[in-house]
Each structure stands twice: as structure tokens, then as C-alpha cells.
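Okay, structure first, notes after.
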Amino acid sequence: MASVTHLHLAPLHKAGLTEVTEVLAVEGAGLEGDRYLGTTRNVTVVAKGELDEAADRLGYPIPAGATRRNITVDADRLPRTTGALIHLGEAVLSVWRDCPPCERMYQTVGPGAREALEGRAGIAAQVVKGGLIRVGDPVRFEPDPGDM
């Protein structure tokens, strides 16, 4: 079963990320203390398996947090169908859309990162059930991306 491996927050747009061990997901709003709180793009999530694929293309590792996503999970891939559910600890997220890599990936990851991360940079989601999310919490997908 997949689990939460890293949690990152940034209080402002372009601010540095802070790694935390737990965070409160607020229903309909996002993660307490994060720049996306109250926006349509409540939370961002990335899968370690997808980061590993991009790293293979680049020839160097991509550390958790380098893509500036809030939550890293140790799954092979994420569901990308709008409305698919992701259960993390006490919270439930609903996939809103794919989260394409931006120009900033060249600065935070390195040369060629944006191209390598295309289709692998995670998803943006909305909090449909609030609650605490902790590093180590189990993660479950509905539907499972392996079934798609």
C-alpha cells in the first residue's frame, strides 16, 4: 500500500518550501499554512514512481519538494481523471486536473526538467473531506490508477 513520504508547504507564491511532518487539510480550502489555501487548486500531489521515471530521463535524482508539490506519495503513479479520490490519513482529495511542470522546474530541479516531468509532475486536487495528513499515513486511490 502507498503512503505519504513528504509534506511541503509554502506560505506565499515563490516562497521557499518548508517540510513538515503533518498538516491539516481544510475541506473546500486546502492545506493550512499553504499558498494555495482558498484557491481552486487546493493541494498538489506527486508520486515517487513518476519522479523516478523523470529522473531516469534526466540522469540525476529529483528530490521530494523540488517540484514544489505539497504531498509526495510512494506510489508508482497517480490517477488523473477529474473526480478520482485520494485518501490520505484522515483527509480525502478529489483530483481536479493534471499539474503540468512550469518554467520554474529548470531552477528547482535542473536542465531538461520541464520536458522530463511532462505527464509526471503530479496533480492538483481539492479537499473534499478535511483532516490531518501525516508522513507515513496510508494512501488509497479510487479508482486505483493501476486499474485504469
Side-chain angles (χ1 to χ4, degrees), residues 1-55 58 60-110 113-114 116-146:
M1 175 176 269
S3 64
V4 175
T5 60
H6 295 85
L7 296 167
H8 291 95
L9 303 173
L12 303 168
H13 182 66
K14 294 191 179 181
L17 293 179
T18 300
E19 188 165 358
V20 297
T21 58
E22 64 181 38
V23 65
L24 181 63
V26 180
E27 187 172 325
L31 301 179
E32 198 170 81
D34 190 66
R35 67 202 179 278
Y36 293 123
L37 184 69
T39 68
T40 305
R41 176 186 175 160
N42 291 178
V43 182
T44 54
V45 184
V46 67
K48 184 173 180 334
E50 293 174 342
L51 290 179
D52 290 346
E53 286 177 21
L58 288 170
Y60 56 86
I62 301 173
T67 58
R68 300 189 52 79
R69 303 304 180 237
N70 297 119
I71 302 171
T72 305
V73 299
D74 68 353
D76 289 334
R77 62 187 188 145
L78 296 172
R80 284 185 163 70
T81 305
T82 300
L85 299 178
I86 304 174
H87 299 257
L88 307 108
E90 299 172 354
V92 180
L93 308 180
S94 175
V95 174
W96 177 50
R97 67 173 176 84
D98 186 66
C99 199
C102 65
E103 293 289 325
R104 192 125 192 251
M105 295 300 125
Y106 296 128
Q107 298 161 353
T108 61
V109 177
R114 185 173 184 187
L117 285 160
E118 192 64 44
R120 298 174 189 85
I123 56 98
Q126 297 171 328
V127 181
V128 294
K129 179 184 176 224
L132 214 52
I133 302 171
R134 295 178 179 96
V135 169
D137 277 347
V139 175
R140 184 171 55 85
F141 305 109
E142 287 182 62
D144 188 300

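Summarising the geometry of M1 relative to P138, their closest heavy-atom pair is SD-CB, 3.5 Å, with the distance given to 0.1 Å. Scanning all heavy atoms of the two residues, the minimum distance from A75 to A47 falls at O-CB, 3.4 Å. Across V45 and L78, no two heavy atoms sit closer than the pair O-CD1, 3.3 Å. Scanning all heavy atoms of the two residues, the minimum distance from I133 to A25 falls at CD1-CB, 4.0 Å. Between A91 and G131, the shortest heavy-atom distance links the atoms CB-O, 4.0 Å. Residues T44 and Y36 share a closest heavy-atom pair of CG2-CE1, 4.4 Å.
With sequence neighbours excluded, no residue satisfies side-chain contact (heavy atoms from CB on, under 4.5 Å) with E27. Contacts of D98 classified as side-chain contact (heavy atoms from CB on, under 4.5 Å), with partners at least two apart in sequence or in another chain: R80, P100. Among residues two or more places apart in sequence or in another chain, the side-chain contact (heavy atoms from CB on, under 4.5 Å) test is passed with V135 by L7.
The shortest distance between side-chain heavy atoms of V43 and D34 does not fall below 4.5 Å. Side-chain contact between L132 and D137 is absent, with no heavy atoms from C-beta onward closer than 4.5 Å. No side-chain heavy atom of L24 sits under 4.5 Å from any side-chain heavy atom of L31. Between V95 and I86 the shortest side-chain heavy-atom distance falls below 4.5 Å. A heavy-atom distance below 4.5 Å is not found between the side chains of L93 and V128. Proximity of L17 to R35: side-chain heavy atoms (C-beta onward) are separated by under 4.5 Å at one or more points. Using a 4.5 Å heavy-atom threshold, the side chains of T72 and R69 count as separate. Under the 4.5 Å side-chain criterion, counting only non-hydrogen atoms from C-beta, R41 is in contact with R97.
For D52, the CG atom is densely surrounded, since the number of other residues' heavy atoms within 6.0 Å is greater than 12.
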task: In sequence, state the C-alpha distance, the side-chain angles, and the governing distance for V4 and R134, and then conclude on side-chain contact (heavy atoms from CB on, under 4.5 Å).
output: CA-CA 7 Å; V4 175; R134 295 178 179 96; over 6 Å; no

query: Checking side-chain contact (heavy atoms from CB on, under 4.5 Å) for the pair N70/H8: CA distance, chi angles, key distance, verdict?
result: CA-CA 5 Å; N70 297 119; H8 291 95; 5.6 Å; no

- request: Any chance you could lay out the side-chain contact (heavy atoms from CB on, under 4.5 Å) test for L117 and I62, step after step, and finish with the verdict?
  value: CA-CA 10 Å; L117 285 160; I62 301 173; 4.1 Å; yes

message: Evaluate I71 against L88 for side-chain contact (heavy atoms from CB on, under 4.5 Å), listing each step before the verdict.
response: CA-CA 10 Å; I71 302 171; L88 307 108; 3.8 Å; yes

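To the nearest 0.5 Å, the span separating OG1 on T67 from CD on E50 amounts to 10.5 Å. The CZ atom of F141 sits 12.5 Å away from the OG1 atom of T81 when rounded to the nearest 0.5 Å. Expressed to the nearest 0.5 Å, how far OG of S3 lies from CG of D74 amounts to 3.5 Å.
Side chain of S94 to backbone of L85: no donor-acceptor contact under 3.5 angstrom is found. Between the side chain of E19 and the backbone N or O of H6, no donor-acceptor pair lies under 3.5 Å. With hydrogens and angles disregarded, no donor-acceptor distance shorter than 3.5 Å links the side chain of R120 to the backbone of E53. Of the possible donor and acceptor atoms, none in the side chain of R140 sits under 3.5 Å from a partner among the backbone N and O of H87. Proximity of a side-chain donor or acceptor of D76 to a complementary backbone N or O of G49 within less than 3.5 Å is not detected.
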